[in-house]
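Only one structure is covered here, and it is reproduced in the block below.
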Amino acid sequence: MKKIKRIINTFFILLLVFVILVNILILYYKVINKEPLVRIFGYSILVIVSGSMEPNVNIDDLLLIKKCDDYEVNDIITYQVGKNLITHRVVEVQEEEDRLVTKGDSNNTSDKPIEKRQVKGKMVFKIKNFGKIVNFIKSPIGILLLILCNYLIIKFTF
């Protein structure tokens, strides 16, 4: 029984250290670098907040995006305009100007061409409605519940 308790304690301590390191990385990207997305090994996650890509990508879907060198027609990409991140589908690649034309699946018209350097990455994976959980965890009540759960786990495993 002691061995199992020690294994559980070690697991939760490693999990807590991992969460702390990820939070430090997030703070570094958001506060010091002023980046809108945190990139780990070339991948970022984001939560969709508008319906411009419905029905393929919906509000509260969680996307995993990857920074790439080349983008093709039909790729779903996330790019930055000012402080805003926009996720739309590539409808035209203008190689000679190094630009892309995008359009939201539920929009009637294409967007203005963007430069490839504005692109943060293309969608590689989607988790439907998982953004609701992420948004809850980021809320004050969610943070409080996470702290409370960690406290209870550490208190009862030591």
Side-chain angles (χ1 to χ4, degrees), residues 11-150:
F11 171 75
F12 282 112
I13 288 171
L14 290 173
L15 182 63
L16 187 60
V17 168
F18 174 75
V19 168
I20 289 169
L21 290 174
V22 167
N23 281 313
I24 289 170
L25 185 64
I26 290 170
L27 280 172
Y28 172 76
Y29 269 96
K30 297 258 183 189
V31 175
I32 296 172
N33 280 358
K34 303 214 186 301
E35 286 283 328
L37 287 175
V38 177
R39 188 172 293 128
I40 301 174
F41 302 116
Y43 292 89
S44 300
I45 60 168
L46 58 100
V47 177
I48 298 299
V49 295
S50 81
S52 67
M53 286 298 293
E54 290 181 344
N56 297 308
V57 180
N58 300 302
I59 295 173
D60 290 328
D61 285 354
L62 182 93
L63 299 186
L64 177 67
I65 63 170
K66 182 176 193 262
K67 183 72 174 167
C68 300
D69 294 326
D70 289 322
Y71 300 98
E72 300 174 358
V73 172
N74 286 327
D75 284 346
I76 296 174
I77 63 168
T78 298
Y79 60 94
Q80 187 170 356
V81 176
K83 292 185 178 184
N84 296 322
L85 293 174
I86 300 168
T87 301
H88 281 173
R89 186 178 306 277
V90 176
V91 293
E92 182 184 344
V93 178
Q94 299 174 344
E95 290 292 338
E96 59 281 348
E97 290 104 23
D98 210 27
R99 293 178 166 221
L100 302 170
V101 178
T102 62
K103 179 182 171 295
D105 289 353
S106 64
N107 294 350
N108 293 327
T109 60
S110 297
D111 307 320
K112 292 180 185 176
I114 59 161
E115 296 182 23
K116 286 185 181 178
R117 65 177 172 77
Q118 292 176 260
V119 180
K120 298 296 180 183
K122 76 175 177 178
M123 182 181 82
V124 293
F125 191 72
K126 173 182 78 169
I127 303 175
K128 196 161 191 56
N129 290 317
F130 198 76
K132 290 178 182 177
I133 295 168
V134 171
N135 287 334
F136 174 74
I137 291 171
K138 289 172 26 178
S139 74
I141 293 172
I143 292 169
L144 185 63
L145 282 174
L146 276 176
I147 292 169
L148 181 63
C149 287
N150 280 326

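Every heavy atom of this structure was used, including side-chain atoms; hydrogens, water molecules and symmetry mates were not. Positions are given from 1 along the sequence.
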Original post:
How far apart are the C-alpha atoms of K112 and V81, what are their side-chain angles, what is the distance that settles it, and do they pass the side-chain contact (heavy atoms from CB on, under 4.5 Å) test?
Top reply: CA-CA 11 Å; K112 292 180 185 176; V81 176; over 6 Å; no
[X]: partners by salt bridge (Lys or Arg N to Asp or Glu O under 4.0 Å), with sequence neighbours left out:
X: E95; answer: K116
X: R89; answer: D105
X: K103; answer: none

**OP:** Would you please name every residue forming a side chain to side chain donor-acceptor pair (under 3.5 Å) with E115, sequence neighbours left out?
**Re:**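 With sequence neighbours excluded, E115 shows a side chain to side chain donor-acceptor pair (under 3.5 Å) to R117, given in chain and number order.
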Original post:
What side chain to side chain donor-acceptor pair (under 3.5 Å) pairs are there with at least one residue in residues 77-86, not counting sequence neighbours?
Top reply: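 Those involving residues 77-86 are T78-T87, Y79-T102, Y79-D111, Q80-K120.
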Subject >> Within 6.0 angstrom of I141 CD1, more than 12 heavy atoms from elsewhere >> reply: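 12 or below, so no.
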Original post:
How about Y71: does its OH atom have over 12 heavy atoms from other parts shown lying under 6.0 Å from it?
Top reply: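 Check passes, neighbour count above 12.
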Can you tell me how far apart [atom1] ([X]) and [atom2] ([Y]) are? Round to the nearest 0.5 Å.
X: E72; Y: I77; atom1: CD; atom2: CD1; result: 12.0 Å
X: N74; Y: I76; atom1: CG; atom2: CD1; result: 8.5 Å
X: L85; Y: S50; atom1: CG; atom2: OG; result: 11.5 Å

N/O donor-acceptor pairs under 3.5 Å from side chains in residues 60-69, not counting sequence neighbours:
from	atom 1	to	atom 2	distance (Å)
D61	OD1	N129	N	3.0
D61	OD2	N58	N	2.8
K67	NZ	V119	O	2.5

